[in-house]
Amino acid sequence: MVTYAPSTLEKKWQQQWAKQQAEAGKASNGVEAVGNTVKNPYYVLEMMPYPSGRLHMGHARNYALGDLIARFKRKQGFDVLHPPSWDAFGLPAENAAIKHKVSPKVWTEKNIAAMRDQLKRLAISYDWDHEVSTCDVDYYAQQQKLFLALYEKGLVYQKESSVNWDPVEQTVLANEQVVDGKGWRSGAPVEKKKLKQWFFKISAYAEELLADLDGLTEWPEKVRTMQEKWIGKSTGALIQFPVVETDQSIEVYTTRPDTLFGGTFVGLSAEHPLAMEAAKNKADVADFIKKCAKQDTSQKTLDTMEKEGVDTGLRVINPFSKKEMPVYVVNYVLMDYGTGAVYGCPAHDERDYVFARKYDLAIQPVVSGPEGAAQELPYVGPGTLINSGFLDGLSVEEGIKTALVKLEDLGCGQAQTTYRLRDWGVSRQRYWGCPIPMVQCGACGVVPETRLPVQLPEDVVLEKAGNPLVDHPSWKHVTCPKCGGPAVRETDTLDTFVDSSWYFLRLVNPKAETPLDAAAIKNWLPVNQYIGGIEHAVMHLLYARFMTKALRDCGLIDLSEPFQKLMTQGMVCHETYRNSQGDWLSPEEIETVEGRVVEKATGQEVQVGSAEKMSKSKLNVVDPEGIINAYGADAARLFVLSDSPPDKDFDWTETGIHGAWKYLNRLWRMCLECGSVEVVNADTDKQQLSAIHETIRDVTRHFDQFHVNKGIARIRELTNQLSQNQPEISPETYRFGCEVALQLLFPMVPHMTSELWQRLGFDGELASVSWPVADETMIVKTSVCYAVQINGKVRAKIDVDPSLDQELLIAQVKDHEMVKKHLENKAIRKTIVVPNKVISFVV
RNA sequence: GCCCGCUUGGUGGAAUUGGUAGACACAAGGGACUUAAAAUCCCUCGGCCAUUGCGGCCGUGCCGGUUCGAGUCCGGCAGCGGGCACCA
């Protein structure tokens with residue numbers, strides 16, 4: 001018999017598919033090339049990857065999953081669009097450019113070429129003629145047009161906003177480039193710097209983004225919850241506190257106006273106008289404000305740092321208690337949120353409590369928890385209001401309503417709905433991104449650049465500090481599109497999240513002259529199945545939803561939600577290795593000798609760490625290349641799909657891939673040797689046929705629900721049964737079983753199943769055979785197993801005829817020896833029958 | 001710190017709506033075949049006790065609750081992971 005040789009076999013099929021695509025204008029696996037309008041569209045898309053250089057197993061899993069769906073849906077008769085794309089702008093290219101002295105463009109394009117080859121070796125059935133790379137001018141020129149459309153619509157504006165500034169490198173740092181408050185390369189303490197930056201008005205869509213979450217029924221619940229919390233709708237009150245001895249007031253927003261009687265101080269952001277004013281007269285306030293400027297801008301830092309403040313000397317009047325409250329400048333309130341000021345109620349807020357204890361401020365309890373509940377401060381639970389004048393005795397909820405009415409009566413507060421969601425800052429002071437098509441003209445001010453595209457210059461110096469676009473000798477100097485006078489280009493580029501917030505619209509017709517082909521979009525969108533990492537649950541997915549709605553309101557598309565069904569997959573992990581010096585070792589540098597794991601080079605024992613997310617720093621990355629060479633793409637694909645559910649993390653193990661390899665070999669032999677039949681047992685044959693149809697039904701259902709690992713387990717059960725029953729079933733049934741197994745495995749294992757299909761004598765390709773449909777009438781059950789419980793404990797398992805009626809069933813069960821023994825001398829108080837599952841006696 | 005998840009044998013994981021915990025695999029151990037190894041095939045495989053066979057007790061991160069019955073529902077706790085607005 002011919003042995004299974006994946007290397008030659010996979011090459012043969014890949015060449016054949018590539019030839020078909022080239023000759024007949026077909027997609028990579030014998031399917032018609034997709035047009036802009038089709039009858040039965042199905043759009044499957046994986047989140048666009050960053051082209052880091054090499055595919056790793058995490059990518060392989062992502063694409064194998066997408067490809068499974070693409071092939072499965074094609075076989076079910078859909079016209080499938082499955083386009084590849086590259087999220088090609090971004091920081092890593094600039095870092096690589098500095099480190100290796102290559103241009104970001106060359107580095108990125110080389111990476112894309114390498115990864116494209118690897119995807120082809122994995123036989124991912126992409127529509128390569130739809131490929132898009134965000135750093136191609138063809139793509140970002142279209143994005144510039146969209147930017148202008150949003151600008152015209154009033155959804156783009158400029159405002160001052162803080163960035164992390166590295167005073168040594170004279171450059172803006174990303175949050176990940178700030179380590180312990182210092183620049184990662186310079187080590188200099190990071191400062192906050194105010195810059196005028198571009199923003200998208202996502203806050204205008206807060207309500208719609210929130211409301212439409214309800215319609216996303218095919219998204220994971222957890223993703224919808226995370227977005228809901230991120231948008232953070234709250235209803236509360238704006239309260240004006242009059243400042244003593246002035247005609248000014250400080251406005252704060254709170255969701256708890258009911259606790260206003262417990263309010264004992266006001267906290268101002270260091271950037272609040274009144275704080276700035278106070279700094280003029282008080283040196284300690286000025287110093288404190290300076291100190292606040294030296295912290296990075298991340299939320300995590302804000303929440304976890306020591307809460308500090310300085311008394312401004314200002315006093316405000318509490319409108320309810322009429323008491324004077326001190327005003328502090330504090331380091332935990334940001335000017336960008338709300339009004340840049342809060343009032344502190346130490347008795348009922350964790351953060352205010354800590355702050356009040358530290359500065360010895362008054363703590364006034366105003367909520368009493370229910371009887372028996374712990375009353376330790378700060379108390380944040382429900383309860384009854386106390387020490388609160390006209391609010392006394394009310395519940396927290398009633399108190400909020402009553403306090404609001406009173407505030408409005410007093411003329412010092414109003415009800416207000418607010419959102420946590422902030423406008424999307426899209427300015428980046430970096431080279432490797434999409435230029436923002438705006439110019440600054442001395443005469444006309446800010447003017448949209450209509451002479452598109454604004455192309456990135458290639459002759460830039462990246463090693464120098466600062467943004468190369470600012471330092472470029474000529475690039476930024478242009479004429480004003482409006483008056484023709486001298487003007488200066490915007491040197492900020494767009495956040496790469498902008499690139500990925502509309503690519504799914506472009507991909508349906510990436511060569512269109514307008515950014516968006518409305519007809520093609522109408523035909524294909526929404527994306528039927530979107531697949532990507534859970535780490536994108538909020539930001540990318542929210543930006544994409546916003547952009548879709550914004551472009552709709554610009555009149556460019558007729559679509560409100562881009563992704564119908566979302567699948568979030570887990571990470572790929574691998575165990576880690578360290579030698580006695582504590583250096584990380586890669587999986588290739590170690591081997592197992594007599595049960596001990598040792599370093600190949602030295603023979604010394606290696607410390608094996610737990611499986612962690614594959615990362616370059618820990619060297620626990622497995623490149624699919626070696627795996628494909630050793631076992632073939634089919635085995636690699638099968639393994640990454642077979643063991644864990646797609647939405648969970650996945651541990652890569654050497655032994656695991658070996659198991660997939662062994663299974664493919666077994667299947668190969670099974671299909672090629674139909675074997676001799678000794679005695680055909682009609683009953684067994686019938687049961688086997690039933691099992692085949694049951695498998696078709698179950699696998700189809702599992703794949704539909706993305707339970708790929710369960711589907712594969714069912715296929716393995718089928719082939720296990722077939723080979724076990726082979727001596728007793730007819731050759732026709734055996735062969736039918738093998739054919740079904742090949743059809744079901746095709747989406748994961750396309751090369752080998754295609755080859756075997758051909759070797760079984762079929763003329764056409766397996767790729768063009770429809771997905772099998774289970775014949776329910778063939779599924780027969782001859783017996784059903786009941787578990788018998790007595791007082792909740794399983795005491796026996798009994799096989800019975802499924803057609804047996806309940807009375808006879810109970811009688812038969814009671815007659816069972818074990819059951820008799822346990823029921824002896826006991827009165828049955830209750831009998832519960834769960835059809836086809838359990839009979840429970842309570843005695 | 002805040003938000004969202006996750007936790008089942010030595011390992012990855014199964015277990016429609018609360019109804020037989022451990023499907024399907026991996027690893028390990030034993031056996032067959034072989035001069036030998038690999039490959040292949042067969043058997044065992046949660047723990048403890050009993051063992052001639054039948055069986056019994058415990059067990060789904062920890063503590064408690066609801067129920068005839070809880071991996072699944074509720075309350076509390078711990079550990080791990082993701083996100084936190086300039087990594088993508």
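Letters A, B, ... are given to chains in the order of the sequence lines, protein chains preceding strands, and every chain is numbered from 1.
In the model, A:D166 has a side-chain atom that pairs as donor or acceptor with a side-chain atom of A:S186 under 3.5 Å. If you check the side chains of A:Q227 and A:W219, you find no donor sitting under 3.5 Å from an acceptor. Donor-acceptor pairing under 3.5 Å is lacking for the side chains of A:Q197 and A:D492.
The nucleotide whose nearest atom lies closest to any side-chain atom of A:R669 is, among B:A14, B:C86, B:C41, B:C41.
Among the heavy atoms of the strands, none lies under 4.0 Å from A:L302. Here A:V172 lies in heavy-atom contact (under 4.0 Å) with a base. The residue A:P645 sits close only to the backbone: its heavy atoms come under 4.0 Å of sugar-phosphate atoms, none of a base. Residue A:G232 is out of contact with every strand shown, counting any heavy-atom pair closer than 4.0 Å. Nucleic acid contact class of A:V788 (heavy atoms, under 4.0 Å, all strands): none. At a threshold of 4.0 angstrom between heavy atoms, the contacts of A:S500 with the nucleic acid are absent.
The side chain of A:K793 contributes an N or O atom lying less than 4.0 Å from OP1 or OP2 of B:C58. A sub-4.0 Å separation between OP1 or OP2 of B:U20 and a side-chain N or O of A:R795 is absent. Within the 4.0 Å cut-off from OP1 or OP2 of B:A88, at least one side-chain nitrogen or oxygen of A:T496 is found. The shortest distance between the side-chain N/O atoms of A:N665 and the OP1/OP2 oxygens of B:U40 is not below 4.0 Å. Contact annotation: A:R422 side-chain N/O to B:A85 OP1/OP2 distance is not under 4.0 Å.
Annotated as anti: B:G22, whose O4'-C1'-N torsion sits more than 90° from 0.
B:U16 and B:A21 have their P atoms separated by 13 Å, with the value rounded to a whole Å. On the P atoms, B:A50 is 36 Å away from B:C68, given to the nearest whole Å. Rounded to whole Å, the P atom of B:U72 lies 13 Å from the corresponding atom of B:C6. Taking atom C1' on both nucleotides, B:A27 is separated from B:G46 by 15 Å, rounded to a whole Å. Between B:G71 and B:U60, the two P atoms lie 7 Å apart (nearest whole Å). Taking atom P in both B:G69 and B:G65, one finds a spacing of 13 Å when rounded to whole Å. Here the separation of B:A23 from B:G47, taken at their P atoms, is 14 Å to the nearest Å. Comparing the same atom, P, in B:U8 and in B:G81 gives a spacing of 15 Å after rounding to whole Å.
Using a 4.0 Å cut-off between charged nitrogen and carboxylate oxygen, A:R428 and A:D495 count as a salt-bridge pair. No salt bridge links A:E94 with A:R430; every basic N to acidic carboxylate O contact stays at or beyond 4.0 Å.
The aromatic rings of A:Y4 and A:W668 lie tilted to each other, with the angle between the two planes from 30° to 60°. Taking the six-membered ring for Trp and thresholds of 30 and 60 degrees, A:Y631 and A:W661 have ring planes more than 60 degrees apart, a perpendicular arrangement. Between A:H536 and A:H540, the ring-plane angle classifies as perpendicular under the 30° and 60° cut-offs. Relative orientation of the A:W424 and A:F546 rings is perpendicular, given thresholds of 30° and 60° on the angle between their planes. Relative ring orientation between A:Y50 and A:W107 is described as tilted, the plane-to-plane angle lying within the 30° to 60° band.
Spacing between atom CZ of A:R224 and atom C1' of B:G83 amounts to 19 Å, rounded to whole angstrom units. Atom CG in A:D495 sits roughly 11 Å away from atom C1' in B:C87 (whole-Å rounding). Residue A:H536 contributes atom NE2, which lies 12 Å from atom P of B:C87 at whole-angstrom precision. Distance, A:M47 CE to B:G83 C1': 13 Å, rounded to whole Å. Between A:L334 atom CG and B:A85 atom P the separation is 10 Å, expressed in whole Å. Following rounding to the nearest Å, A:W661 (CH2) and B:A38 (P) show an atom-to-atom distance of 17 Å. Taking atom NE2 on A:H540 and atom P on B:C84, their separation rounds to 14 Å, with Å as the unit. Spacing between atom CG of A:L664 and atom C1' of B:U40 amounts to 16 Å, rounded to whole angstrom units.
Aromatic ring centroids of A:W502 and A:Y139 lie under 6.0 Å apart. The aromatic ring centres of A:F200 and A:Y543 sit 6.0 Å or more apart. For A:F89 and A:Y140, the ring centers sit closer than 6.0 Å to each other.
Put simply, the side chain of A:F841 reaches to within 4.5 Å of the side chain of A:V788, judged on heavy atoms. Counting heavy atoms from C-beta on, the side chains of A:Y332 and A:E308 never come closer than 4.5 Å. Side-chain contact between A:L541 and A:M47: present, with at least one pair of heavy atoms (C-beta onward) separated by less than 4.5 Å.
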What's touching nucleotides 22-25 of chain B from the protein side, N or O pairs under 3.5 Å?
residue	atom	partner	partner atom	Å
B:A25	OP1	A:N720	OD1	3.3
B:A25	OP1	A:N720	ND2	2.3

Output a table of nitrogen or oxygen pairs between the protein and nucleotides 45-51 of chain B separated by less than 3.5 Å.
none

Interface polar pairs with nucleotides 63-74 of chain B, N/O, under 3.5 angstrom:
residue	atom	partner	partner atom	Å
B:C68	O2	A:S840	OG	3.1

Detail all sub-3.5 Å separations between protein N/O atoms and N/O atoms belonging to nucleotides 28-33 of chain B.
none

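Ranked by how close their nearest RNA chain B nucleotide is to the 5' end, A:S642 and A:H702 are led by A:S642. Between A:M539 and A:V834, it is A:V834 whose nearest contact on RNA chain B lies nearer the 5' terminus.
Helical stems involving RNA chain B, defined as 3 or more consecutive Watson-Crick or G-U pairs under 3.5 Å, span B:1-7 with B:78-84, B:10-12 with B:24-26, B:28-32 with B:40-44, B:46-49 with B:55-58, B:61-65 with B:73-77.
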>> So if I define the base as every atom that isn't primed, P, OP1 or OP2, how would nucleotides 1-6 of chain B read as a B/S/- string at a heavy-atom cutoff under 4.0 Å?
In response: B-SSS-

> Checking side-chain contact (heavy atoms from CB on, under 4.5 Å) for the pair A:D303/A:K300: CA distance, chi angles, key distance, verdict?
Replying inline: CA-CA 5 Å; A:D303 284 341; A:K300 199 183 160 192; over 6 Å; no

> Can you list the steps and then say if A:D799 with A:Y786 is a side-chain contact (heavy atoms from CB on, under 4.5 Å)?
Replying inline: CA-CA 6 Å; A:D799 285 313; A:Y786 273 91; over 6 Å; no

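For the pair A:R716 and A:Y663, the cation-pi criterion (under 6.0 Å, within 45° of the ring axis) is fulfilled.
Judged by distance alone, with hydrogens and angles left aside, A:Q429 brings a side-chain donor or acceptor within reach of the base of B:C86, the pair sitting under 3.5 Å.
Counting non-hydrogen atoms of other residues, nucleotides and ligands closer than 6.0 Å to CZ of A:R357 gives a total of 12 or fewer. The number of heavy-atom neighbours closer than 6.0 Å to NZ of A:K182, taken from other residues, nucleotides and ligands shown, is 12 or below.
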